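Some notes on the structure that comes next.
Owing to the predicted nature of the structure, the values given are computational and were not obtained by experimental measurement. Sequential numbering from 1 along the given sequence is applied to the chain's residues.
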Amino acid sequence: MNNEFLAFINSYEDELKKYNKVHNITRLKDIKAAALDSIEILNFVEFKSGINIADIGSGAGFPAIFLAFLKRDCNFYLYEPSYKKSAFLSLIKAKFNLDNVFIKPIKVECEKDLKCDLITSRAFAKTELIVTLCNDITNDNTKFILYKGSFVKDELDCLNEYKLHERNNRIFLEFYKKDFKIITN
């Protein structure tokens, strides 16, 4: 991690604290830890130049804002239908000149004009629901990296193949859409 990224985290935290006093968009206290958790996937996922990444339920910008800061040659589409959260994301995009970030203040299932190579999501919904909501922006080769906790093991029945990457208190679930199967009860 370089000094530029550490300075970005500190500046982001200052902006978040100011915004959060009025709009209350997150309860996170340890911003640095959350930022480092956000970029952990860079240790095991290849981000090819020019790929499209959708972050679902972006909230205050974890993980996409931090990934976008480090991966300026990739396009990040942040889906956040909450007005106050998407306004904060737009503020961060402008303040830090994140020209590779595109704020989408809509629900991902309303998107019809984009196909993505990679989907990320942190603390948003169960795996099956995320894949279903992303149906129109994915194809069989789209990779999903979901930031999960220990409960992820209850969500694996809908996948034929997957990888789990355990780091600190986080489990990252990695799979391709082609490995998703619809569960019927």
Side-chain angles (χ1 to χ4, degrees), residues 1-108 111 114 116-125 130 134 137 143-149 165-174:
M1 182 177 7
N2 62 37
N3 289 338
E4 183 184 12
F5 186 63
L6 289 174
F8 171 68
I9 293 172
N10 290 333
S11 297
Y12 168 91
E13 185 172 13
D14 291 343
E15 292 300 320
L16 179 62
K17 284 180 178 174
K18 285 190 280 188
Y19 197 87
N20 218 26
K21 283 182 183 176
V22 177
H23 299 289
N24 191 27
I25 62 169
T26 183
R27 293 184 201 165
L28 277 174
K29 299 295 180 205
D30 191 345
I31 301 305
K32 183 178 178 186
L36 296 177
D37 180 55
S38 294
I39 65 167
E40 184 64 34
I41 66 172
L42 296 175
N43 292 317
F44 57 89
V45 175
E46 181 182 5
F47 282 71
K48 292 181 181 173
S49 182
I51 66 170
N52 291 328
I53 300 134
D55 185 57
I56 312 306
S58 295
F62 303 96
I65 287 291
F66 300 93
L67 291 168
F69 183 83
L70 293 174
K71 302 301 294 180
R72 300 276 181 147
D73 60 340
C74 298
N75 302 310
F76 289 82
Y77 297 86
L78 282 58
Y79 289 87
E80 180 47 69
S82 163
Y83 177 75
K84 63 184 182 180
K85 293 176 183 175
S86 62
F88 174 72
L89 295 170
S90 294
L91 172 80
I92 294 299
K93 170 187 166 65
K95 181 161 183 77
F96 297 102
N97 299 316
L98 296 173
D99 296 334
N100 59 334
V101 169
F102 305 92
I103 309 303
K104 305 290 253 179
I106 59 173
K107 293 182 177 183
V108 67
E111 179 68 73
L114 180 69
C116 291
D117 305 291
L118 177 65
I119 305 290
T120 61
S121 185
R122 179 180 180 271
F124 175 67
I130 292 171
C134 293
I137 65 166
K143 182 181 279 190
F144 287 75
I145 303 289
L146 306 181
Y147 292 61
K148 296 288 189 173
H165 305 273
E166 295 189 41
R167 306 284 196 276
N168 302 317
N169 294 323
R170 170 76 62 204
I171 299 175
F172 299 90
L173 173 59
E174 176 184 3

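A salt bridge between Arg170 and Glu40 is absent, with no side-chain N of the basic residue lying under 4.0 Å from a carboxylate O of the acidic one. Between Glu80 and Lys85 no salt bridge is recorded (no basic side-chain N to carboxylate O distance below 4.0 Å). Note on Lys104 versus Glu111: salt bridge recorded, some NZ/NE/NH1/NH2 to OD/OE distance being below 4.0 Å. The pair Asp37-Arg122 meets the salt-bridge criterion, since a charged nitrogen lies less than 4.0 angstrom from a carboxylate oxygen.
Annotation: the span from Lys18 atom NZ to Glu13 atom CD amounts to 12.5 Å, rounded to 0.5 Å.
The side-chain heavy atoms of Leu173 and Ile145, taken from C-beta on, include no pair separated by under 4.5 Å. In this structure the side chain of Ile53 never reaches within 4.5 angstrom of the side chain of Ile119, judged on heavy atoms. Two residues are said to be in side-chain contact when any heavy atoms from C-beta on lie closer than 4.5 Å; Ile65 and Asp55 fail this criterion. Proximity of Ile41 to Leu67: side-chain heavy atoms (C-beta onward) are separated by under 4.5 Å at one or more points. For the pair Thr120 and Leu146, the minimum side-chain heavy-atom distance is 4.5 Å or more. Put simply, the side chain of Tyr147 does not reach to within 4.5 Å of the side chain of Phe124, judged on heavy atoms. Put simply, the side chain of Phe172 does not reach to within 4.5 Å of the side chain of Lys148, judged on heavy atoms. Leu118 places a side-chain heavy atom less than 4.5 Å from the side chain of Phe47.
Without hydrogens or angle criteria, Ser86 side chain to Tyr83 main chain gives a donor-acceptor distance under 3.5 Å. Under a 3.5 Å cut-off, the side chain of Tyr77 and the backbone N or O of Ile103 do not form any donor-acceptor pair. A donor-acceptor contact shorter than 3.5 Å links the side chain of Asn100 to the backbone of Cys74. The closest donor-acceptor contact from the side chain of Lys84 to the backbone of His23 lies under 3.5 Å.
Across Gly149 and Ile171, no two heavy atoms sit closer than the pair O-CD1, 3.8 Å. Contact record, Phe88 with Ala60: CE2-O, 3.4 Å, taken as the closest heavy-atom pair. Shortest non-hydrogen contact noted between Thr26 and Asn20 is O-ND2, 2.7 Å. Summarising the geometry of Ser121 relative to Ile56, their closest heavy-atom pair is OG-O, 3.1 Å, with the distance given to 0.1 Å. Taking all atoms of both residues into account, the shortest heavy-atom contact from Leu28 to Phe62 is CD1-CE1, 3.4 Å. Shown here for Ser58 and Leu89, the closest heavy-atom pair between the two residues is CB-CD1, 3.8 Å.
Side-chain contact, Asp117 with Asn52: no donor N or O sits under 3.5 Å from an acceptor N or O.
Enclosure of atom CG in Asn168 is not indicated, since only 12 or fewer non-hydrogen atoms of other residues, nucleotides or ligands lie within 6.0 angstrom. Counting heavy atoms of neighbouring residues, nucleotides and ligands inside a 6.0 Å radius, atom NZ of Lys95 does not exceed 12 of them. For CG of Asn43, the number of neighbouring non-hydrogen atoms (other residues, nucleotides, ligands) closer than 6.0 Å is greater than 12.
Taking the ring centroids of Phe102 and Phe76, they lie at or beyond the 6.0 Å cut-off. Not less than 6.0 angstrom separates the ring centroid of Phe96 from the ring centroid of Tyr12.
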Verify side chain to side chain contact (heavy atoms under 4.5 Å, CB included) between Phe5 and Ile39, making sure each step is shown before the conclusion. CA-CA 11 Å; Phe5 186 63; Ile39 65 167; 3.6 Å; yes
Go through it in stages, so that I can follow the logic: the residues are Ile25 and Leu16, the test is side chain to side chain contact (heavy atoms under 4.5 Å, CB included), and I'd like the CA-CA distance, side-chain angles, deciding distance and then a yes or no. CA-CA 9 Å; Ile25 62 169; Leu16 179 62; 3.8 Å; yes
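By the 30° and 60° cut-offs, the orientation of the rings of Phe44 relative to His165 is parallel.
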